[in-house]
Number of protein chains: 4
Amino acid sequence: MTTTKKAAPPSERRTHLIRLAADLFAEKGFRATTVREIADAAGILSGSLYHHFDSKESIGDEILREFLDDVVGGYRSAVEGADDPRVAIEKMVRSSTAALSRHRAALTMLQNDWAYFSAQKRFAYLRTAMKEIEQTWIDQLERGKQDGHFRADLDARLVYRLLRDILWIPTSWKQSRGKSWKTDEIVDGLLRLLFEGITAR
Amino acid sequence: MTTTKKAAPPSERRTHLIRLAADLFAEKGFRATTVREIADAAGILSGSLYHHFDSKESIGDEILREFLDDVVGGYRSAVEGADDPRVAIEKMVRSSTAALSRHRAALTMLQNDWAYFSAQKRFAYLRTAMKEIEQTWIDQLERGKQDGHFRADLDARLVYRLLRDILWIPTSWKQSRGKSWKTDEIVDGLLRLLFEGITAR
Amino acid sequence: MTTTKKAAPPSERRTHLIRLAADLFAEKGFRATTVREIADAAGILSGSLYHHFDSKESIGDEILREFLDDVVGGYRSAVEGADDPRVAIEKMVRSSTAALSRHRAALTMLQNDWAYFSAQKRFAYLRTAMKEIEQTWIDQLERGKQDGHFRADLDARLVYRLLRDILWIPTSWKQSRGKSWKTDEIVDGLLRLLFEGITAR
Amino acid sequence: MTTTKKAAPPSERRTHLIRLAADLFAEKGFRATTVREIADAAGILSGSLYHHFDSKESIGDEILREFLDDVVGGYRSAVEGADDPRVAIEKMVRSSTAALSRHRAALTMLQNDWAYFSAQKRFAYLRTAMKEIEQTWIDQLERGKQDGHFRADLDARLVYRLLRDILWIPTSWKQSRGKSWKTDEIVDGLLRLLFEGITAR
DNA sequence: TATGAATGAGACTTCATTCAT
DNA sequence: AATGAATGAAGTCTCATTCAT
């Protein structure tokens with residue numbers, strides 16, 4: 001299911017190249033990264049990359065696909081094993097955070113170049129996956145409203161939008177200069193802010 | 001006497017062109033927008049743009065500068081007239097939201113191409129302004145912690161980071177397809193989420 | 001004889017504009033100077049220049065024509081009133097130097113952009129004038145050889161070439177930073193070098 | 001370890017391209033030569049040049065640098081092995097002439113576009129080298145004045161200026177239409193003119 | 001006379017991609 | 001697997017010139 005027509009066998013070299021590319025994409029965005037830069041990082045000439053991939057986009061494709069598979073998979077199992085929407089949401093937050101830290105590059109790519117990717121047939125699965133993700137969140141939030149855990153006046157879709165973007169934020173902090181938080185700190189901070197707000201009780 | 005070499009006088013035509021460019025930048029990002037697209041939108045040839053601007057970047061410069069002036073100005077007056085940090089923060093949120101809706105393009109530009117801009121001398125003021133903004137937030141949050149309004153265990157810098165990015169989110173929703181919220185709804189949702197979290201009391 | 005089809009009447013404004021243009025040409029060369037720079041110097045817009053001239057080249061034309069008229073005229077009267085070729089040459093040197101200092105721009109234009117001008121029909125007179133100049137020099141040098149004033153082994157054409165270019169040199173020094181010589185000093189130095197060389201006797 | 005980032009290794013193809021470019025620069029000047037003309041001469045598309053060089057200017061840089069290294073190197077060894085300033089100067093003249101004929105293009109570039117190059121940081125070495133060249137000449141001329149070989153009333157700097165430009169002249173004659181002199185003839189003519197003037201004894 | 005706006009040709013440059021070796 | 005060279009499309013910018021007002 002994951003392989004398209006041309007997807008070459010995942011040799012070690014290939015995997016290494018994807019990782020190099022992903023790091024560059026994470027730093028500068030997909031479009032802003034040139035094939036030459038990737039090749040430079042690998043110590044080869046840009047033309048030589050085309051022995052491993054048939055295009056720059058197919059590198060992007062591989063990175064994005066793995067990311068979304070990871071996230072969607074995580075959400076599915078988060079929801080499955082949770083009766084309480086509050087628990088489900090906590091699991092989803094933790095699962096998201098973990099997936100994001102495993103696929104930092106994918107996030108930058110989606111943030112910076114969403115319009116670019118989503119306009120292409122090849123990347124139609126992006127929209128599909130995002131829809132499933134959105135639905136999962138909304139389902140849990142609605143469930144929480146109905147059983148009284150969450151405030152009844154929440155606009156589930158609005159909160160989802162906020163949450164989705166909020167969850168994405170900390171990833172982009174990694175490797176940035178200045179104080180850096182541990183993932184756990186961030187997640188806990190997030191959850192607390194989410195459930196309780198900043199006001200003292 | 002009134003004209004400086006570089007800060008070309010803001011003729012009507014010029015202002016109009018900047019608006020057209022800003023719309024495109026908002027849609028597709030600064031780098032992804034070509035000079036020709038801007039010219040097409042204006043119904044002229046791409047070279048003709050250079051009658052009004054010396055470079056694509058100087059268009060970007062103008063848009064970003066106005067935006068940051070607006071935001072920083074808003075924060076200053078928000079802080080000045082507020083004894084209670086809670087009030088200050090509410091004012092800052094409202095002021096941000098207003099500024100962001102006035103300068104939608106600037107935000108997209110910063111989000112998509114921050115690395116590109118901030119690496120250039122010409123855009124050094126971006127970092128300067130961001131620092132002032134950060135400090136303003138942190139000051140108010142710390143004040144709130146000390147006088148007991150906010151939870152004592154808040155990491156002010158962490159919360160600021162979250163907030164900053166959260167505030168930016170709704171802007172990118174405008175003009176997007178699907179359900180759209182009114183600005184007031186969004187701001188109120190945000191403030192409520194911020195102060196109280198999603199949990200029912 | 002000096003007017004071509006379109007040559008506008010030499011109003012004061014026009015003359016002033018030509019002087020401004022000439023200064024810029026002298027500094028940076030004809031091609032390297034843009035119409036906009038000329039207009040800027042005059043405090044008008046570049047399009048407005050076309051009320052006075054039908055093209056950038058016609059400005060160049062006027063400058064070059066005046067210069068060559070001046071030089072050729074000077075040579076003619078130098079030769080007329082001189083029995084001794086030594087005297088004729090001294091007069092030619094002084095006349096050249098004077099003409100060059102009056103038309104500094106023309107020189108830069110010819111030096112930098114000779115290939116450009118001389119390839120155009122419009123500037124055919126450049127070649128004509130240069131031929132007359134060359135012939136005048138060669139005539140005097142040959143005369144000097146025959147009557148024993150100059151060394152019999154001089155290659156007149158070679159010496160002319162050297163001299164022509166040598167005479168042009170000091171002009172380009174004016175306004176340059178560092179020590180500057182008076183015109184008289186330069187001319188005397190030149191003449192002495194020419195007639196006697198640098199060796200002590 | 002041998003390759004620096006910018007000073008791309010001199011492949012054969014690269015060297016060939018530089019030679020082609022240099023010929024064009026010599027003919028028409030640096031600025032007046034377009035990248036497309038260079039590419040045409042090489043039988044490739046203009047964009048393909050950028051596989052070998054990062055810019056037109058870097059081609060110019062390479063040509064100019066080699067030239068100045070050659071000239072300065074030649075002057076140094078001319079001065080080292082010569083007790084008599086007269087001998088030193090003769091060596092310098094011969095060394096200049098040789099270097100100039102090896103780097104004809106560089107000369108045209110400096111003559112036509114000196115203002116353009118010398119205004120750029122990248123070409124700061126031009127000024128440095130010119131200063132060393134000037135100082136070398138002046139030193140030898142002063143030495144000759146003091147030991148009585150040269151006339152005591154010579155203005156060393158003035159003579160240098162004349163000489164420098166005079167030495168440059170013959171190069172521009174090569175390949176020009178009309179009678180052409182052999183290099184030796186030119187140099188001997190020059191030296192004789194320099195030491196003895198044109199007057200018969 | 002001058003302005004303000006625009007044209008159009010052509011300059012330099014970038015970059016994903018191809019391909020013979 | 002990789003190199004070295006090239007393509008070709010597209011992008012930013014320059015500049016002499018035109019023209020309605």
Side-chain angles (χ1 to χ4, degrees), chain A residues 8 11 13-14 17 30-39 42-60, chain B residues 8-9 11-14 16-17 31-39 42-60, chain C residues 8 11 13-14 17 30-39 42-60, chain D residues 8-9 11-14 16-17 31-39 42-60:
Chain A
S11 72
R13 183 88 176 109
R14 194 185 152 83
L17 291 173
F30 177 78
R31 269 152 113 177
T33 302
T34 71
V35 167
R36 201 160 175 160
E37 284 165 340
I38 302 171
I44 59 179
L45 292 182
S46 65
S48 308
L49 275 180
Y50 288 79
H51 283 283
H52 304 278
F53 309 96
D54 40 86
S55 72
K56 182 185 169 187
E57 260 152 40
S58 79
I59 306 181
Chain B
S11 73
E12 245 185 74
R13 183 73 176 128
R14 194 185 153 84
H16 178 59
L17 291 172
R31 266 153 117 178
T33 302
T34 71
V35 167
R36 193 177 321 216
E37 283 165 341
I38 302 171
I44 59 177
L45 293 180
S46 66
S48 305
L49 276 180
Y50 290 80
H51 178 66
H52 304 277
F53 309 97
D54 10 289
S55 69
K56 182 184 168 186
E57 256 153 43
S58 78
I59 305 181
Chain C
S11 71
R13 183 91 176 106
R14 194 185 151 84
L17 290 172
F30 178 78
R31 269 151 114 177
T33 302
T34 70
V35 167
R36 200 159 174 161
E37 285 165 339
I38 301 171
I44 59 179
L45 292 182
S46 65
S48 308
L49 274 180
Y50 288 80
H51 284 282
H52 304 277
F53 310 96
D54 40 86
S55 73
K56 183 185 170 189
E57 260 151 41
S58 78
I59 305 181
Chain D
S11 73
E12 244 184 74
R13 183 73 175 130
R14 195 185 152 83
H16 177 60
L17 291 171
R31 267 153 116 176
T33 301
T34 72
V35 167
R36 194 181 316 220
E37 283 165 340
I38 301 172
I44 59 178
L45 292 180
S46 66
S48 305
L49 275 179
Y50 290 79
H51 178 66
H52 304 278
F53 309 97
D54 8 290
S55 70
K56 183 184 169 187
E57 256 154 43
S58 79
I59 305 181

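In the text below, chain A, chain B and the rest are named by the order of the sequence lines, each starting its count at 1.
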Check against side-chain contact (heavy atoms from CB on, under 4.5 Å), C:Ile59 and C:Arg14:
CA-CA 10 Å; C:Ile59 305 181; C:Arg14 194 185 151 84; over 6 Å; no
Residue pair A:Thr33/D:Thr34 against DNA chain E: nearer the 5' end by closest nucleotide is D:Thr34
Should the pair A:Lys56 and A:Phe30 be classed as cation-pi, given the thresholds of under 6.0 Å to the six-membered ring centre and 45° from the axis?
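Checked: cation-pi criterion met.
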Tell me: [atom1] of [X] to [atom2] of [N], nearest whole Å?
X	N	atom1	atom2	answer
B:Ile38	F:dC13	CD1	C1'	13 Å
C:Glu57	F:dC15	CD	P	16 Å
D:Lys56	F:dC13	NZ	P	18 Å

Starting from the 5' end of DNA chain F, give me the residue, B:Arg31 or C:Val35, whose nearest nucleotide shows up first.
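That would be B:Arg31.
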On DNA chain F, nearest-nucleotide positions of D:Ala42 versus B:Arg36: which is more 5'?
D:Ala42
Where does DNA chain F pair, written as one dot-bracket string 5' to 3', with Watson-Crick or G-U pairs under 3.5 Å, ( ) inside the strand, [ ] for crossing pairs and | for another strand?
.||||||||||||||||||||
Going 5' to 3' on DNA chain E, which nucleotide is the first and which the last to come under 4.0 Å of a heavy atom in chain B?
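First-to-last contact on DNA chain E, by the 4.0 Å heavy-atom rule, is E:dA5 to E:dG8.
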Taking all atoms of both residues into account, what is the closest heavy-atom pair of C:Ala39 and C:Leu45, and its distance?
CB-C, 3.6 Å
Report yes if some heavy atom in the side chain of B:Ile38 is under 4.5 Å from a heavy atom in the side chain of B:Leu17; otherwise report no.
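Side chain of B:Ile38 against side chain of B:Leu17, heavy atoms only: no contact under 4.5 Å found.
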Counting any heavy atom closer than 4.0 Å, what does A:Ser58 reach on the DNA or RNA strands: base, sugar-phosphate only, or nothing?
nothing
Test side-chain contact (heavy atoms from CB on, under 4.5 Å) applied to B:Thr33 and B:Glu37, B:Arg31, B:Arg36, the passing residue
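Of the listed residues B:Glu37, B:Arg31, B:Arg36, the side-chain contact (heavy atoms from CB on, under 4.5 Å) partner of B:Thr33 is B:Glu37.
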Between the protein and nucleotides 1-4 of chain F, list every N/O to N/O distance that falls short of 3.5 Å.
residue: F:dA2; atom: OP1; partner: A:Arg13; partner atom: NE; Å: 3.3
residue: F:dA2; atom: OP2; partner: A:His52; partner atom: NE2; Å: 2.9
residue: F:dA2; atom: N7; partner: A:His51; partner atom: NE2; Å: 2.3
residue: F:dA2; atom: N6; partner: A:His51; partner atom: NE2; Å: 3.4
residue: F:dT3; atom: OP2; partner: A:Leu45; partner atom: N; Å: 2.9
residue: F:dT3; atom: OP2; partner: A:Ser48; partner atom: OG; Å: 3.1

